[in-house]
> 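Sharing a structure with you now.
Just so it is clear, the structure is predicted and the values come from calculations on it, not from any experiment. Position 1 is the first residue of the sequence, and the numbers go up from there.
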Amino acid sequence: LLSQVDSSIGGKNGINSKYGKNLIGSFYNPDEVLIDTNLLKTLPLREIKSGYSEIVKHAIIQDKIFFNWLDKNYMKIFNLSTKELEYAIYKSINIKLYYVKKDLKEKLFNKNSRANLNFGHSIGHALETFYNYSNSIKHGEAISIGMIIEAKISTHLGFLQESEFRLLKNHFKKANLKIYNKNIKNKKLIELIKKDKKNINNFINIILLKKIGSSFYYKNLELKKLKKIIEKI
């Protein structure tokens with residue numbers, strides 16, 4: 001499900017290294033993408049939820065109506081109900097396509113940069129690297145935790161209203177998605193966040209929220225400030 005809603009679009013071919021996730025790779029678009037939802041019947045629920053994290057991420061960054069729909073229909077997606085599943089995949093693909101078309105190689109030159117798709121990923125990728133890409137934490141689980149923390153950062157910096165944050169967090173709790181990790185305040189994790197591909201000169205560039213359905217690229221967050229916010233979470 002993760003690949004159907006996420007890596008199927010955009011042509012990124014990346015590999016992980018000890019230095020961080022997706023820091024090595026190329027862009028190469030496929031000639032065709034085929035998605036067969038029947039294959040999802042072979043997956044355990046943990047993998048479905050991992051993929052679902054990217055679905056809800058797409059809603060959070062661009063489409064509150066879709067988020068509200070997911071809030072009512074997430075159990076049908078978990079139960080692989082064909083109609084709801086296909087709709088969720090279709091919506092996700094189109095949201096991702098919107099950003100990829102604007103900024104294929106993530107050059108960060110406009111407000112609709114492909115980087116918006118990285119909401120939750122500054123923290124999430126650092127977590128995956130911290131656990132050495134092991135099965136201890138799935139990609140979607142790390143991103144789920146990352147989204148909650150990056151949404152909280154958005155409230156701390158005065159961009160996202162507390163009521164919107166609660167709405168987002170309540171959905172994650174209902175859907176039983178991961179929202180916290182015991183190593184989130186570990187010094188090594190902060191060092192890994194510094195290595196995110198969006199960052200320049202020890203300043204953190206991160207995707208934040210103004211509200212559910214509206215994300216933006218925030219530049220030059222001081223590492224010291226980020227540490228303080230994470231300490232309070």
> Taking Asn116 for its side chain and Ser113 for its backbone only, find out whether a donor-acceptor pair lies under 3.5 Å.
yes
> Ile153 and Ile206: side chain to side chain contact (heavy atoms under 4.5 Å, CB included), yes or no, with the steps?
CA-CA 10 Å; Ile153 291 167; Ile206 193 168; 4.2 Å; yes
> Taking the six-membered ring of Phe165, is the NZ or CZ of Lys152 close enough (under 6.0 Å from the centre) and on axis enough (within 45°)?
yes
> Can you give me the closest heavy-atom contact between Leu1 and Leu40, atom names plus distance?
N-CD2, 3.4 Å
> side-chain contact (heavy atoms from CB on, under 4.5 Å) with Ile137: which of Asn132, Asn183, Leu127, Ile143?
Leu127
> Do His121 and Glu150 have a side chain donor and acceptor closer than 3.5 Å?
no
> Quick one, Ile145 and Tyr180 - any side-chain contact, counting heavy atoms below 4.5 Å?
no
> Is there a donor-acceptor contact under 3.5 Å linking the side chains of Lys173 and Asn170?
no
> Do Asn181 and Tyr131 pair up side chain to side chain, a donor and an acceptor below 3.5 Å, judged on atom types alone?
yes
> Decide whether Phe27 and Leu97 are clustered together by the hydrophobic rule: side chain heavy atoms of Ile, Leu, Val, Met, Phe, Trp, Tyr closer than 4.5 Å, transitively.
no
> Are side-chain N/O atoms of Ser50 and Glu47 paired as donor and acceptor at under 3.5 Å?
no
> When you check the side-chain N and O atoms of Asn73 and Tyr87, is any donor under 3.5 Å from an acceptor?
no
> Short question: side chain of Asn94, backbone of Tyr90 - any donor-acceptor pair under 3.5 Å?
yes
> Is Lys210 positioned over the aromatic face of Phe216, cation under 6.0 angstrom from the ring centre and no more than 45 degrees off axis?
yes
> Can you name the nearest heavy-atom pair linking Ala59 to Leu70, along with the distance?
CB-CD1, 3.8 Å
> Begin with the C-alpha distance, continue with both residues' side-chain angles, and end with the deciding distance and a verdict on salt bridge (Lys or Arg N to Asp or Glu O under 4.0 Å) for Lys228 and Glu231.
CA-CA 5 Å; Lys228 279 185 180 175; Glu231 282 300 317; over 6 Å; no
> Indicate the atoms forming the closest heavy-atom contact of Ile207 with Ser215, along with that distance.
CG2-CB, 3.9 Å
> Is it true that Glu162 and Lys169 make a salt bridge, defined as a side-chain N closer than 4.0 Å to a carboxylate O?
no
> Please state whether the rings of Tyr52 and His171 are parallel, tilted or perpendicular, taking 30° and 60° as the class boundaries.
tilted
> Does any part of the side chain of Ile233, heavy atoms only, come nearer than 4.5 Å to the side chain of Ile148, both counted from C-beta?
no
> Could you go step by step and tell me if Ile229 and Leu157 meet the side chain to side chain contact (heavy atoms under 4.5 Å, CB included) rule?
CA-CA 9 Å; Ile229 294 171; Leu157 294 175; 4.1 Å; yes
> Given the rule in the ring pair (Phe, Tyr, Trp, His ring centres under 6.0 Å) test, do His139 and Tyr133 qualify, once you have shown the distances and angles that lead to the verdict?
CA-CA 8 Å; His139 175 71; Tyr133 316 112; over 10 Å; no
> Taking only residues two or more places apart in sequence, or in another chain, which ones meet Ser163 in a side chain to side chain contact (heavy atoms under 4.5 Å, CB included)?
Gln161, Arg166
> Do the non-hydrogen side-chain atoms of His58 and Lys96 ever get within less than 4.5 Å of each other?
yes
> Any cation-pi pair here, Lys91 with Phe66, using under 6.0 Å and within 45°?
yes
> With Ser53, which residues qualify under side chain to side chain contact (heavy atoms under 4.5 Å, CB included), at least two apart?
Ser144, Met147, Leu177
> With the 4.5 Å side-chain cut-off for hydrophobic clustering, are Ile123 and Leu2 part of the same group?
no
> Do NZ/NE/NH1/NH2 and the carboxylate oxygens of Lys194 and Glu191 come within less than 4.0 Å?
yes
> Donor-acceptor check, side chain of Lys49 to backbone of Ala175, threshold 3.5 angstrom: yes or no?
yes
> Any cation-pi pair here, Lys188 with Phe130, using under 6.0 Å and within 45°?
yes
